[in-house]
Chemist: 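Got a structure for you, questions after.
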Amino acid sequence: MVQKIVDEYFTERKEQEEVRELKNGDKRVYRTPPSIYGLASKLGISRATFYDYTDGSNNENEAYNKEIIDILIDARERIINELSEGVLLGYWNDKVASAMLVKYGEIGSTEGNGTLTINIQSKESWAE
């Protein structure tokens with residue numbers, strides 16, 4: 001049942017994808033980026049519960065079902081892969097996706113004082 005809900009989450013997002021044609025003739029794909037929150041909501045659990053299942057500390061605890069843990073870990077990896085792929089294909093903003101990947105521990109370091117600082121540098125004119 002859990003695998004079915006996870007698959008539905010990814011399928012529904014893909015089905016809601018929109019392709020729009022820009023004035024210059026280019027086509028742009030619009031899709032909501034995947035997230036742990038979105039998947040956890042679909043599963044009817046909190047993000048804290050999702051992280052509790054997937055952080056690796058409960059693999060030995062019999063209270064947790066190993067098959068469910070594996071499904072959720074795989075779903076987390078699917079989210080990470082889709083975020084990375086979506087940035088490369090231009091589906092979503094690279095800064096937002098990068099921040100999400102840092103949060104998921106895929107890039108960057110979580111060592112230190114536990115805070116994440118993202119510096120965005122830009123010019124006064126967006127066209128420069």
Side-chain angles (χ1 to χ4, degrees):
M1 183 66 175
V2 174
Q3 183 66 58
K4 181 181 177 189
I5 295 170
V6 168
D7 290 340
E8 285 174 359
Y9 171 74
F10 288 99
T11 301
E12 287 171 1
R13 288 184 44 268
K14 178 70 175 159
E15 289 172 352
Q16 293 171 353
E17 174 180 285
E18 290 182 48
V19 179
R20 296 182 188 163
E21 189 167 337
L22 304 176
K23 289 180 182 179
N24 65 2
D26 290 344
K27 293 188 178 179
R28 178 86 176 170
V29 177
Y30 292 92
R31 185 181 344 164
T32 305
S35 69
I36 298 295
Y37 174 75
L39 178 58
S41 294
K42 179 81 174 166
L43 289 165
I45 61 175
S46 69
R47 280 186 301 173
T49 300
F50 185 93
Y51 286 123
D52 191 37
Y53 271 88
T54 61
D55 70 1
S57 64
N58 294 306
N59 288 341
E60 303 301 320
N61 189 337
E62 290 183 27
Y64 293 93
N65 182 312
K66 178 74 170 129
E67 184 179 354
I68 291 174
I69 290 171
D70 290 343
I71 290 168
L72 295 181
I73 289 172
D74 180 62
R76 182 178 181 270
E77 294 302 315
R78 286 172 70 179
I79 288 172
I80 289 168
N81 184 55
E82 193 172 325
L83 283 171
S84 301
E85 184 179 283
V87 168
L88 294 173
L89 295 173
Y91 291 163
W92 32 78
N93 182 294
D94 59 336
K95 291 173 182 64
V96 173
S98 295
M100 291 171 77
L101 290 169
V102 168
K103 170 77 173 146
Y104 301 154
E106 184 63 17
I107 59 175
S109 172
T110 57
E111 296 176 10
N113 63 3
T115 61
L116 169 66
T117 303
I118 299 176
N119 295 319
I120 301 173
Q121 297 177 346
S122 64
K123 299 187 185 252
E124 290 196 27
S125 171
W126 67 270
E128 291 181 18

Chemist: Carefully, step by step, assess Tyr9 and Leu43 under the rule side chain to side chain contact (heavy atoms under 4.5 Å, CB included).
Modeler: CA-CA 9 Å; Tyr9 171 74; Leu43 289 165; over 6 Å; no
Chemist: Just how far is it from atom CG of Asp70 to atom CD1 of Ile73, taken to the nearest 0.5 Å?
Modeler: 6.0 Å
Chemist: Kindly write out the residues that satisfy salt bridge (Lys or Arg N to Asp or Glu O under 4.0 Å) with Lys23, not counting sequence neighbours, or none if the list is empty.
Modeler: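 Applying salt bridge (Lys or Arg N to Asp or Glu O under 4.0 Å) to Lys23 gives none.
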Chemist: Taking all non-hydrogen atoms of both residues, which atom of Pro33 and which atom of Leu83 are closest, and how far apart?
Modeler: CB-CD2, 4.0 Å
Chemist: Applying side chain to side chain donor-acceptor pair (under 3.5 Å), name anything that partners Ser41, two or more places apart in sequence or on another chain.
Modeler: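 Listed in chain order: nothing, the list is empty.
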Chemist: Is the closest side-chain heavy-atom distance between Pro34 and Arg13 below 4.5 Å?
Modeler: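 A side-chain contact under 4.5 Å exists here.
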Chemist: For Gln3, enumerate each residue passing the side chain to side chain donor-acceptor pair (under 3.5 Å) test, keeping only those at least two apart in sequence or located in another chain.
Modeler: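 For Gln3 the side chain to side chain donor-acceptor pair (under 3.5 Å) partners, ignoring immediate neighbours, are Asp7.
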Chemist: Kindly work out whether a path of hydrophobic side-chain contacts (I/L/V/M/F/W/Y, heavy atoms less than 4.5 Å apart) joins Leu39 to Ile5.
Modeler: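 The answer is yes; both residues are in one hydrophobic cluster.
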Chemist: Decide if atom CD of Glu67 counts as having more than 12 heavy atoms of other residues, nucleotides or ligands within a radius under 6.0 Å.
Modeler: no
Chemist: Please name all residues satisfying side-chain contact (heavy atoms from CB on, under 4.5 Å) with Glu15, sequence neighbours left out, ordered by chain then number.
Modeler: Thr11
Chemist: Find out whether Ile69 and Thr54 are in side-chain contact, i.e. whether some heavy atom of one side chain is under 4.5 Å from a heavy atom of the other.
Modeler: no
Chemist: Could you pull out all residues at least two apart from Glu17 that satisfy salt bridge (Lys or Arg N to Asp or Glu O under 4.0 Å)?
Modeler: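 So Glu17 forms a salt bridge (Lys or Arg N to Asp or Glu O under 4.0 Å) with Lys14, Arg31.
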Chemist: Return the set of residues passing side chain to side chain donor-acceptor pair (under 3.5 Å) with Glu18 (not counting sequence neighbours), or none when no residue passes.
Modeler: Arg20
Chemist: Holding to side-chain contact (heavy atoms from CB on, under 4.5 Å), I want the full list of residues that pass it with Ile68, two or more places apart in sequence or in another chain.
Modeler: Val2, Tyr53, Asn65, Leu72
Chemist: NZ/Lys42 to OG/Ser35 distance, rounded to the nearest 0.5 angstrom?
Modeler: 13.0 Å
Chemist: If you take all heavy atoms of Phe50 and Ala40, which pair is closest and at what distance?
Modeler: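 Shortest heavy-atom contact: CB-CB, 4.4 Å.
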Chemist: Under 6.0 Å from the six-membered ring centre of Tyr51 and within 45° of its axis: does the NZ or CZ of Arg47 meet both?
Modeler: no
